[in-house]
Amino acid sequence: MKRRESLKGLLIGTVAGATAMTGCKTDKQIKETIYKDLPDYGRTPEEKDWDKKILEAEPFFNKHEMETLSILCDIILPRKGDHPSATEVKVPEFIEFIVKDMPDNQLPLRGGLMWLDTETNRRYNKQFSSCSKQERITVIEDIAYPDPDLQKPAMSPGISFFNRLRNLTLTGYYTTKEGFKDLGYLGNTPNVWDGVPQEVLSEHDVQYDPEWIAKCVDQSKRDIIAQWDEKMNLIS
Amino acid sequence: MQIKESPKTYDAIIVGSGAGGGMSANILSEAGLKVALVEAGPYFDPKDPETMTQLKWPWESPRRGAGTKRAFGEFDMSWGDWEVKGEPYTHAEGTKFMWWRSRMLGGRTNHWGRISLRFGPKDFKHKDIDGLGENWPISYDDVKPYYDRLDKMIGVFGSKENRYNDPDGYFLPAPKPRLHELYYIKGARKVGVDVIPSRLSILTKRINKERGVCFYCSQCNRSCRVYGDFSSGSCLIFPAIKNGGQIDLYTDSMVKNVITNDEGLATGVSYINKKDRKEYTLKGRVVVLGASACSTARILLNSKSSQHPNGLGNSSDIVGRYLHDSTGAGRMGFIPDLMNRKTYNEDGVGGMHVYSPWWLDNKKLDFPRGYHIEIWGGMGMPSYGFGFNTSELNKYVGEQIGGYGDKLRDDVKRFYGSVIGLSGRGESIAMYDNRCELDPHTVDQWGIPVLRFNYKWSDYERNQARHMTNTFDEILEAMGAKVLGDKPTKENDYGLLAPGQIIHEVGTTRMGNDPKKSVTNRMQQLHDSKNVFIVDGGPFTSQADKNCTWTILALSMRTSEYIVEEFNKKNL
């Protein structure tokens, strides 16, 4: 960090109208207090203000809506073996955040939840959350698949709603540690890429062309400083 | 309000700290000139943990990477995107231009794709070939020595291919292709499309002791903490300061206009300090504009004086004209053979490992200029949007779309890494009527008149886009892919993206030998004011089917060394 400190020092020392820079430390201290409970992922001050506003806002979904949402999320992704269910990795809480971050989702989700209750009221004379497992699945089966030819037009609003909720549930789930584990994603970590594993090449019936590979990096020499001859050939 | 004047006189004032401005600051300060580097955004260093997003996990953010506050996703390292709060731009009726601005030290170089292609001999003289547009007043041979030095100074990987119009350089070795790229190579070759290793300014091998080597996280768009990729801060500005260069950084300082004297020469710039909202002036013997093609045009147009009544450098009425961006269109495909993949860490460099340079002769085609093909795909890191409509791929394997429960969970896994995308990036023709100009009715929050864009594509670009999407479908089918989405039609310009969307704005202050038809001379010096130079994409006479940054850098090096020479000869 030393170099950065010195660069910042230089910055402060030379800016005309250095008034802009004075008092910076106090500002920073104040900001640290304001933002201390916020998630830290490289935000600008303006972005921190936005996060803070959302995280401290009143809940959008009421208790009943949240309960229904949780049941639905776990129908979409129930626990399977060692892999947790959607509610176990807090997908409903993620959706609660997203509808405030992207308000366009608010009306379709609220309306969709209400539509679902109306539908189960019509069929079973009770709200979705009070239905039996079997009753719930009966309704879900009617809205879980697209109906491009409008064979059951009365279900259309439910189909759109469920599609949106399925998308948000999948995204909320597979962007968690547990979701990565289920998927088998192994990156986002320092690595030295040295080609597709041989067994995968064989499985896909592809191979590296020797002429191509000759142009590629020899990872054992990656730390040796590059040098070229005058004909542009790399010689180190 | 009293304007505050700086007591110091700089040898050079550089406006903008991106590729052009950063290179100029590096060269001028190394030569011993006293430099003020003025940037409209805040300070930024890719290694600062406070602002760093590289290697963050999606769950570290409550929105999991969504683009609510940053158009390319919240981990993308660009402060500012198509919109900058309080700094609007407008459009002439019925036209569209999308303008990306990064307000930060290093500008857009912090997040760009690092695709670093030299322009070829034909690219500088394309009018000779098809009679369209204008030739550059310089040739490949004039720029080659600078490209050569740039390769060694900043580092770019690639391969020697001996292609006439895609000149080789001093390349670092290329990374090995990934599985989807091997499929692409196979498919492209089957239909006669050339494929070669890509050329990106990322260090696959060490070039000096100061910068680290790529560790393959595929996140160059988040800016690299070990300086393993090129950004203007990490490769040009910080090293210059470290080497004792006399560079004063003025951040959060929005330049409004260039100040000129009775002889019409520049004496400095006027800027707004965004922190205290006051106006300041800086004095300098030379002004170097590298604010971006459009921002530089705006500054010039806002620099009206009795000597330059139409704006500085604008006696020709050419400033802002000939604005052009690369063309863009794309297609996606689903490859059933890539279902149920064995997973392993497939993150590579930030971007593609292979690409297709332009391979055809336009004489046989119904559009005048070429394009190159970029490839994306693989088992990338999930973030917001992952899983959206994944189940629709079932339609290509004869299974039910939609659903829930364990079947859905299995779908997500079996389709993971099976989609590939091809994007074309091509050359448009620079047109006199495609321009940005001052909007007489609108100012930004700093009181500065804003730009109004007036840009329309022609059939040259539409026909090129049609060729792109037809070709992509052929390649995808040859790879064994099912093409996704409806085929673009005439009604939607054959999938041609809006002007500006490829973020290669160039041409607004084009260079030429005739002061009536160009803004700068062949050294990127204003015809109308000899101590003002332009080092961004503005002086580009034409764009080529290449990304513009490597040429901006080479030309900025060339212009900056010319400034030093002229300075030493006391001509400035």
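All chains are named by letter (A, B, ...) in the order of the sequence lines, taking the proteins before the strands, and each is independently numbered beginning at 1. Fair warning: this is a prediction, and the values are worked out from it, not measured in the lab. As a basis for the values below, the full set of heavy atoms in this structure was taken, side chains included, without hydrogen atoms, waters or symmetry mates.
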K.L.:
Can you list the steps and then say if B:Q219 with A:N188 is a side chain to side chain contact (heavy atoms under 4.5 Å, CB included)?
P.N.:
CA-CA 9 Å; B:Q219 294 167 19; A:N188 196 36; 2.6 Å; yes
K.L.:
Between atom OG1 of A:T175 and atom CD of B:E60, what is the distance when rounded to the nearest 0.5 Å?
P.N.:
12.0 Å
K.L.:
Looking at CG of A:L186 and OG1 of B:T343, how far apart are the two atoms once the value is rounded to the nearest 0.5 Å?
P.N.:
4.5 Å
K.L.:
With a 4.5 angstrom heavy-atom cut-off, which part of B:Y344 approaches chain A: side chain, backbone, both or neither?
P.N.:
both
K.L.:
Measuring only between side-chain heavy atoms, which start at C-beta, is B:R70 closer than 4.5 Å to A:T44?
P.N.:
yes
K.L.:
Where does B:P177 contact chain A at under 4.5 Å (heavy atoms): side chain, backbone, both or neither?
P.N.:
both
K.L.:
So does A:V217 get a backbone contact from the side chain of B:K176, meaning a donor-acceptor N/O pair under 3.5 Å?
P.N.:
no
K.L.:
Heavy-atom distance under 4.5 Å to chain B: side chain of A:Q219, backbone, both or neither?
P.N.:
side chain
K.L.:
Where on B:Q246 is there a heavy atom nearer than 4.5 Å to chain A: the side chain, the backbone, both, or neither?
P.N.:
neither
K.L.:
Checking B:E74 against chain A: side chain, backbone, both or neither under 4.5 Å from a heavy atom?
P.N.:
both
K.L.:
I'd like to verify something: which residue of A:P78, A:P39, A:G179 has the highest number of heavy-atom pairs under 4.5 Å with chain B?
P.N.:
A:P78
K.L.:
Taking A:E46 first and then B:K69, would you say they form a salt bridge - that is, a charged N and a carboxylate O separated by under 4.0 Å?
P.N.:
no
K.L.:
Is there a donor-acceptor pair under 3.5 Å between the side chain of B:K205 and the backbone N or O of A:S236?
P.N.:
yes
K.L.:
Which residues pass the side-chain hydrogen bond (donor to acceptor under 3.5 Å, both in side chains) test with B:D168, sequence neighbours left out?
P.N.:
B:R199
K.L.:
List the steps and the verdict of side chain to side chain contact (heavy atoms under 4.5 Å, CB included) for B:I207 and A:I225.
P.N.:
CA-CA 5 Å; B:I207 60 161; A:I225 290 183; 5.6 Å; no
K.L.:
For B:V195, which atoms come within 4.5 Å of any heavy atom of chain A: side chain, backbone, both, or neither?
P.N.:
both
K.L.:
Under the salt bridge (charged side-chain N to carboxylate O under 4.0 Å, His left out) criterion, do A:K80 and B:D410 qualify, and how do the steps go?
P.N.:
CA-CA 11 Å; A:K80 188 188 181 196; B:D410 290 344; 3.2 Å; yes
K.L.:
Is there side-chain contact between B:T68 and A:W50, with at least one heavy-atom pair below 4.5 Å?
P.N.:
yes
K.L.:
Using 4.0 Å as the upper bound for N to carboxylate O, is an ion pair formed by B:R63 and A:D51?
P.N.:
yes
K.L.:
Examine whether an atom of A:F97 lies under 4.5 Å from a heavy atom of chain B, and if so say whether it belongs to the side chain, the backbone or both; otherwise answer neither.
P.N.:
side chain
K.L.:
Between A:D229 and chain B, with a heavy-atom cut-off of 4.5 Å, which part of the residue counts as in contact: side chain, backbone, both or neither?
P.N.:
backbone
K.L.:
Taking the side chain from B:T51 and the backbone from A:G42, do they hold a donor-acceptor pair closer than 3.5 Å?
P.N.:
no
K.L.:
Relative to chain B, which segment of A:N163 carries a heavy atom at a distance below 4.5 Å: side chain, backbone, both, or neither?
P.N.:
side chain
K.L.:
Below 4.5 Å from any heavy atom of chain A, which atoms of B:W57 appear? Answer side chain, backbone, both or neither.
P.N.:
both
K.L.:
Return yes when atom NZ of B:K34 has more than 12 non-hydrogen atoms of other residues, nucleotides or ligands closer than 6.0 Å, and no otherwise.
P.N.:
no
K.L.:
Return yes if a side-chain donor-acceptor contact under 3.5 Å exists between B:Y216 and A:D194, otherwise no.
P.N.:
no
K.L.:
From B:W59 CH2 over to A:K90 NZ, what is the distance, rounded to the nearest 0.5 angstrom?
P.N.:
15.0 Å
K.L.:
Out of A:G195, A:A144, A:G172, return the one with the most heavy atom pairs under 4.5 angstrom to chain B.
P.N.:
A:A144
K.L.:
To the nearest 0.5 Å, how far apart are CG in A:D223 and CZ in B:R206?
P.N.:
4.5 Å
K.L.:
Among B:S391, B:G348, B:P197, B:C217, which has the most heavy-atom pairs under 4.5 Å with chain A?
P.N.:
B:P197
K.L.:
Out of B:F215, B:F75, B:Y170, which one racks up the most heavy-atom pairs below 4.5 Å with chain A?
P.N.:
B:Y170
K.L.:
Is the backbone of B:Y404 close enough, under 3.5 Å, to the side chain of A:R166 for a donor and an acceptor to pair up by distance?
P.N.:
no
K.L.:
Using heavy-atom distances under 4.5 Å, tell me whether B:D148 contacts chain A through its side chain, its backbone, both, or neither.
P.N.:
side chain
K.L.:
Are B:D151 and A:W228 close enough, and set up right, to give a side chain to side chain contact (heavy atoms under 4.5 Å, CB included), and what steps lead you there?
P.N.:
CA-CA 11 Å; B:D151 290 350; A:W228 297 265; over 6 Å; no
K.L.:
Side chain from CB out, backbone as N, CA, C, O: work out which of these in B:L408 comes under 4.5 Å of a heavy atom of chain A, or both, or neither.
P.N.:
side chain
K.L.:
Among A:L168, A:D182, A:T169, single out the residue with the greatest number of heavy-atom pairs under 4.5 Å to chain B.
P.N.:
A:D182
K.L.:
Shortest non-hydrogen contact from A:D205 to B:K186?
P.N.:
O-NZ, 3.7 Å
K.L.:
So how far is it from A:D218 CG to B:T204 OG1, rounded to the nearest 0.5 Å?
P.N.:
11.0 Å
K.L.:
Hey, does B:K160 have a side-chain heavy atom less than 4.5 Å from the side chain of A:K215?
P.N.:
no
K.L.:
Without hydrogens or angle criteria, can the side chains of B:N389 and A:N167 be said to hold a donor-acceptor pair below 3.5 Å?
P.N.:
yes
K.L.:
Locate the shortest heavy-atom distance separating A:T171 from B:S383; write the atom from each residue and the value.
P.N.:
OG1-O, 4.3 Å
K.L.:
Do A:V200 and B:E346 come within less than 4.5 Å of each other through their side chains, counting heavy atoms only?
P.N.:
no
K.L.:
Answer with side chain, backbone, both or neither: which region of B:K56 has an atom nearer than 4.5 Å to a non-hydrogen atom of chain A?
P.N.:
both
K.L.:
Within this structure, what is the CD-CG distance for the pair A:E203 and B:D337, rounded to the nearest 0.5 Å?
P.N.:
10.0 Å
K.L.:
Under a 4.5 Å heavy-atom cut-off, does chain A meet the side chain of B:Q400, its backbone, both or neither?
P.N.:
side chain
K.L.:
Return the option, out of B:K274, B:R222, B:H353, B:E5, with the maximum number of heavy-atom pairs under 4.5 Å with chain A.
P.N.:
B:H353
K.L.:
Please find the pair of heavy atoms, one from A:F180 and one from B:P58, that lie closest to each other, and give the distance.
P.N.:
CZ-CG, 3.5 Å
K.L.:
Please identify, among A:V206, A:L234, A:V196, A:L183, the residue contributing the most non-hydrogen atom pairs under 4.5 Å to chain B.
P.N.:
A:L183
K.L.:
Please look at A:E199 and chain B and tell me whether the side chain, the backbone, both or neither of the residue comes under 4.5 angstrom of a heavy atom of that chain.
P.N.:
side chain
K.L.:
Can you find a heavy atom in the side chain of A:W212 that is under 4.5 Å from one in the side chain of B:I185?
P.N.:
yes
K.L.:
Sort out for me which of B:K342, B:R64, B:K407, B:K413 touches chain A most, counting heavy-atom pairs under 4.5 Å.
P.N.:
B:R64
K.L.:
Heavy-atom pairs under 4.5 Å with chain A - which of B:R178, B:Q54, B:M52, B:M379 has more of them than the others?
P.N.:
B:R178
K.L.:
The criterion is ring pair (Phe, Tyr, Trp, His ring centres under 6.0 Å); which residues satisfy it with A:H204, sequence neighbours excluded?
P.N.:
B:Y183
K.L.:
Contact between B:V412 and A:L170 at the side-chain level, heavy atoms closer than 4.5 Å - yes or no?
P.N.:
yes
K.L.:
Using a 4.5 angstrom heavy-atom cutoff, name the option from B:G402, B:G387, B:C214, B:P62 with the most pairs to chain A.
P.N.:
B:P62
K.L.:
Mark yes or no for whether A:W193, through its side chain, and B:N345, through its backbone, hold a donor-acceptor pair below 3.5 Å.
P.N.:
no
